[in-house]
Amino acid sequence: MTYNKFDLAYLRMAREWATLSYCKRKQVGALIVKDRMIISDGYNGTPSGSENQCEDDEGDTHWYVLHAEANAILKLAASTQSAKGSTLYLTLSPCRDCSKLVLQAGISRVVYLHGYKDEEGITFLKNHGIEVLQIPENELHHP
C-alpha cells in the first residue's frame with residue numbers, strides 16, 4: 001500500500017493534536033479527513049465536564065478515558081458531516097473497541113504511526129475490508 005504527501009501531512013497534524021491531551025502515560029491524536037478536508041479531530045482524554053486527569057495515583061488509565069478516535073467519531077456524530085468514505089489518521093492504531101466504532105462510522109481507510117499492544121483491532125478492520133496502513137515515524141520527516 002502506498003501513501004502520499006497528504007497522508008504524511010495529516011499524520012504530522014494528528015501527532016501535533018496528540019499534544020493537547022492531558023494524559024501523562026500516552027497522548028494520542030486523531031483526525032478524520034474526507035475529500036482532503038478535516039471533518040473531525042480528537043485526542044484521548046476524559047469526558048467533557050470531568051476532571052482532566054487520565055491516570056490514577058498508580059499511573060493506570062481510568063476506565064472512563066475516551067480514546068482519540070472515539071472522541072473524533074463522537075464529535076463527528078454531533079455534526080452534520082458523515083464519515084462514510086473518509087480516512088482516519090491516528091498516532092496509535094485502534095484497539096478492538098474503537099475498531100468497531102471505525103467500521104460502524106463508515107470510515108474506509110485507517111493510517112497510523114504506532115501499533116497498539118493488541119493488534120486485534122487492526123485485524124478486525126482488515127477482515128472487514130477497511131484499508132489499513134502504518135507509516136513509520138521516520139517517514140514523516142521526508143517530503
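Keep in mind it's a predicted model, so treat the numbers as computed, not measured.
Here the straight-line distance linking atom CD of Q27 with atom OG1 of T19 works out to 6.5 Å at 0.5 Å rounding. Atom-to-atom distance recorded for N52:CG and T46:OG1 is 4.5 Å, nearest 0.5 angstrom. In this structure, OG on S93 lies 8.5 Å from CG on D118, to the nearest 0.5 angstrom. Atoms CD and NE2, from Q104 and H128 in turn, are 10.0 Å apart once rounded to the nearest 0.5 Å.
Of the listed residues (Y89, Y3, Y112), just one forms a side-chain contact (heavy atoms from CB on, under 4.5 Å) with I135, and that residue is Y3.
Cluster annotation: L113 is connected to M13 through the hydrophobic network of ILVMFWY side chains, with a link wherever side-chain heavy atoms come within less than 4.5 Å. Under a hydrophobic-cluster definition in which Ile, Leu, Val, Met, Phe, Trp and Tyr are linked whenever side-chain heavy atoms come within less than 4.5 Å, directly or via other members, I38 and L74 are assigned to different clusters. V33 is connected to V111 through a chain of hydrophobic side-chain contacts under 4.5 Å among Ile, Leu, Val, Met, Phe, Trp and Tyr, so both are in one cluster. Under the 4.5 Å side-chain heavy-atom criterion for ILVMFWY residues, a single connected hydrophobic cluster contains both I39 and L103. Taking hydrophobic clusters as Ile, Leu, Val, Met, Phe, Trp and Tyr residues chained together by side-chain heavy-atom distances below 4.5 Å, L88 shares a cluster with F124.
Side-chain contact between K126 and I130 is absent, with no heavy-atom pair separated by less than 4.5 Å. Contact annotation: the side chain of N71 never approaches that of N44 to less than 4.5 Å [non-hydrogen atoms, C-beta and beyond]. Counting heavy atoms from C-beta on, the side chains of L31 and L11 never come closer than 4.5 Å. Under the 4.5 Å side-chain criterion, counting only non-hydrogen atoms from C-beta, K75 is in contact with D41. Taking the side chain as every heavy atom from C-beta outward, P94 and L90 approach each other to under 4.5 Å. Contact annotation: the side chain of K34 never approaches that of T87 to less than 4.5 Å [non-hydrogen atoms, C-beta and beyond]. Between C23 and T61, every side-chain heavy-atom pair lies at or beyond the 4.5 Å cut-off. C95 places a side-chain heavy atom less than 4.5 Å from the side chain of H67.
Within the 3.5 Å criterion, the main-chain N or O of I122 finds no donor-acceptor partner in the side chain of S99. One N or O on the side chain of T91 and one on the backbone of G29 form a donor-acceptor pair closer than 3.5 Å. Without hydrogens or angle criteria, S21 side chain to A18 main chain gives no donor-acceptor distance under 3.5 Å. S40 places no side-chain N or O within 3.5 Å of a backbone atom of I73 that could act as its donor or acceptor partner.
Across all their heavy atoms, V110 and L125 have their closest contact at CG2-CD1, 4.0 Å. Taking all atoms of both residues into account, the shortest heavy-atom contact from A105 to A83 is O-CB, 3.3 Å. Of all heavy-atom pairs spanning G45 and C54, the tightest one is CA-SG, 4.0 Å. Heavy atoms only, all atoms of each residue included: G42 and A72 are closest at N-CB, 3.9 Å. Closest non-hydrogen pair, H62 versus Q53, comes out as CD2-O, 3.2 Å.
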With salt bridge (charged side-chain N to carboxylate O under 4.0 Å, His left out) as the test, would you mind laying out the steps for R15 and E137 before giving the verdict? CA-CA 10 Å; R15 190 174 55 186; E137 179 88 33; 2.3 Å; yes

Show your reasoning for whether salt bridge (charged side-chain N to carboxylate O under 4.0 Å, His left out) applies to R12 and D7. CA-CA 9 Å; R12 284 192 292 268; D7 290 331; over 6 Å; no

Hey, mind stepping through E120 and R96 against salt bridge (charged side-chain N to carboxylate O under 4.0 Å, His left out) and telling me if it holds? CA-CA 6 Å; E120 280 189 75; R96 343 180 243 196; 3.4 Å; yes

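Within the hydrophobic cluster formed by Ile, Leu, Val, Met, Phe, Trp and Tyr side chains joined at under 4.5 Å, directly or through other members, L20 is accompanied by W17, Y43.
Judged by the 6.0 Å and 45° rule, R36 forms a cation-pi pair with F6.
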